[in-house]
Amino acid sequence: MEQDGLREFEARRPRLFALAYRMLGSASEAEDAVQETYLRWDGVDRTQIRSAEAWLTTAVVNVCRTWLVSARARRERYTGPWLPEPVATARGELGPLETIEERELVSLALLTALERLTPLERAVFVLREAFGYAHREIAEILDVTEANSQQVFRRAGQRVRAGRARFGIPAEQARELIERFLAAAREGDVESLERMLAADVTATADGGGLVSAARRPVLGPHNVARYLTGLLRRQIPGLGLTVEEVNAAPAVVARVHGAPLVVMGVDVADGAVVALHVIANPDKLRHFASS
């Protein structure tokens, strides 16, 4: 590829990755989708392209839509619950995340909820909500009518937002709660843990059949508290527990000699922990380990 074309692509690579990750919920697959887009860019006659950004956005979205069809079939055969791959975001890996809305759109909870959508619904929702495209632009990218884009967006929003009426708390308060929560879990203080958990708290673990993990969500404060103390008090040489920014929110990260063993996303709302997303599948931690 000639240098101008390469520079144009590399200048947009971070944005393409951020888009592909929101589409796929997988950092490793997002990297592959960006690489596939690069190969298509390399093979096209760029003298006929009016807007590199529009062309590349359309290309990566269409790659992701195709892959989502096969991904859904794979996830139906997945061992245990499926959760998204975590991404460290303290250095802007997923683009600007300055508002509560921007942070929510890369949260593990919302990315999990996006699994309910069809590939078209997911594309419309991500382009509109996360990247601010007008429905006219989305219609051109996805080859649908503007009215259809609006209809699909409304339907997708209803499906994703269902049951999400709780109110979050500022990041500083969330981090303080999570640090107290982690300290109680490490000390085996089940009673203190229970007081920090919502009445309908859930803990969902993704081991992918590769490591030991609960095959079904753990429900209720008492069960979740006991589950967490068992998980976080394991005696493993070189084990360290820290609170780090993952998917734009404080999360508990367990490392052994510096290598991530578990990433636990913690959803905090109304002053309590409402959900835990325990990612232990080593395949899903490779990108996180390299960041």
Side-chain angles (χ1 to χ4, degrees), residues 25 27 80-90 93-94 97 100-114 163-207 213-214 216-234 239-255 260-281 284-285 288 291:
W82 181 94
L83 292 174
E85 287 186 19
V87 174
T89 50
E93 290 84 346
L94 292 177
L97 299 171
I100 292 174
E101 292 77 16
E102 287 171 338
R103 291 194 293 273
E104 184 205 17
L105 288 167
V106 296
S107 69
L108 294 171
L110 190 115
L111 289 170
T112 302
L114 288 180
R164 294 178 61 84
R166 285 175 160 144
F167 298 96
I169 62 177
E172 299 79 11
Q173 292 181 29
R175 187 180 187 92
E176 189 272 334
L177 175 61
I178 292 168
E179 287 174 344
R180 286 193 289 113
F181 157 90
L182 176 57
R186 297 189 71 175
E187 293 165 8
D189 188 346
V190 173
E191 289 185 5
S192 292
L193 263 181
E194 286 189 47
R195 288 195 292 270
M196 299 182 213
L197 302 174
D200 58 351
V201 65
T202 62
T204 305
D206 180 344
R216 291 189 296 273
V218 180
L219 309 176
H222 183 68
N223 292 333
V224 170
R226 290 177 62 84
Y227 170 69
L228 287 174
T229 54
L231 181 68
L232 298 179
R233 295 189 78 202
R234 289 185 293 175
L239 177 67
L241 297 170
T242 56
V243 177
E244 304 176 21
E245 184 182 310
V246 178
N247 288 69
V252 176
V253 181
R255 298 179 186 270
L261 179 69
V262 173
V263 172
M264 183 187 300
V266 185
D267 290 353
V268 177
D270 301 332
V273 173
V274 298
L276 298 162
H277 312 274
V278 183
I279 302 158
N281 182 341
K284 291 191 173 184
L285 297 177
F288 187 85
S291 61

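Keep in mind that this is a model prediction, so the values were computed, not measured.
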With rounding to the nearest 0.5 Å, note down the distance linking CG in Leu111 to CD in Glu104.
10.0 Å
Evaluate the criterion side-chain contact (heavy atoms from CB on, under 4.5 Å) for residue pair Leu228 and Phe181; output intermediate values, then yes/no.
CA-CA 10 Å; Leu228 287 174; Phe181 157 90; 3.3 Å; yes
Heavy-atom nearest pair, Ile178 first then Val243, reads CG2-CG2, 4.1 Å
Rounded at 0.5 Å granularity, tell me how far CZ in Arg103 sits from CG in Leu110.
14.0 Å
Measure the CG-CD distance between Leu97 and Glu245 for me, rounded to the nearest 0.5 Å.
7.5 Å
Provide the closest heavy-atom pair for Glu93 versus Val87 in the form atom of the first, atom of the second, distance.
CB-CG1, 4.1 Å
Determine, step by step, whether Val253 and Phe288 satisfy the side-chain contact (heavy atoms from CB on, under 4.5 Å) criterion, reporting the C-alpha distance in whole Å, the side-chain angles of both residues, the deciding distance to 0.1 Å, and the verdict.
CA-CA 11 Å; Val253 181; Phe288 187 85; 4.0 Å; yes
Sub-4.5 Å side-chain heavy-atom contact between Asp267 and His277
yes
Quick one: closest heavy-atom pair of Leu108 and Glu85, and the distance?
CD2-O, 4.5 Å
Taking atom OG1 of Thr204 and atom CD1 of Ile279, what is their separation to the nearest 0.5 Å?
10.5 Å
Quick check: closest heavy atoms across Ala185 and Leu193, and the distance to 0.1 Å?
CA-CD1, 3.8 Å
Heavy-atom donor-acceptor pair, Lys284 side chain to Asp206 backbone, under 3.5 Å
no
Are more than 12 heavy atoms from other residues, nucleotides or ligands located less than 6.0 Å from atom CZ of Arg255?
yes
Arg180 side chain vs Ser192 backbone, donor-acceptor pair below 3.5 Å:
no
Decide yes or no for Leu219 and Thr202: does some side-chain heavy atom of the first lie under 4.5 Å from some side-chain heavy atom of the second?
yes
Which pair of heavy atoms, one from Ala251 and one from Met264, lies closest together, and at what distance?
CB-O, 3.4 Å
First locate atom CG of Asn223, then atom CD of Glu194, and finally report the distance between them rounded to the nearest 0.5 Å.
9.0 Å
When rounded to the nearest 0.5 angstrom, what is the spacing between CD in Glu179 and OG1 in Thr242?
10.0 Å
Identify the two heavy atoms, one from Pro86 and one from Val263, that lie closest to each other, and give their separation to 0.1 Å.
CB-CG1, 3.9 Å
Go through the steps to decide whether Leu276 and Val266 satisfy the test side-chain contact (heavy atoms from CB on, under 4.5 Å), and finish with yes or no.
CA-CA 5 Å; Leu276 298 162; Val266 185; 3.8 Å; yes
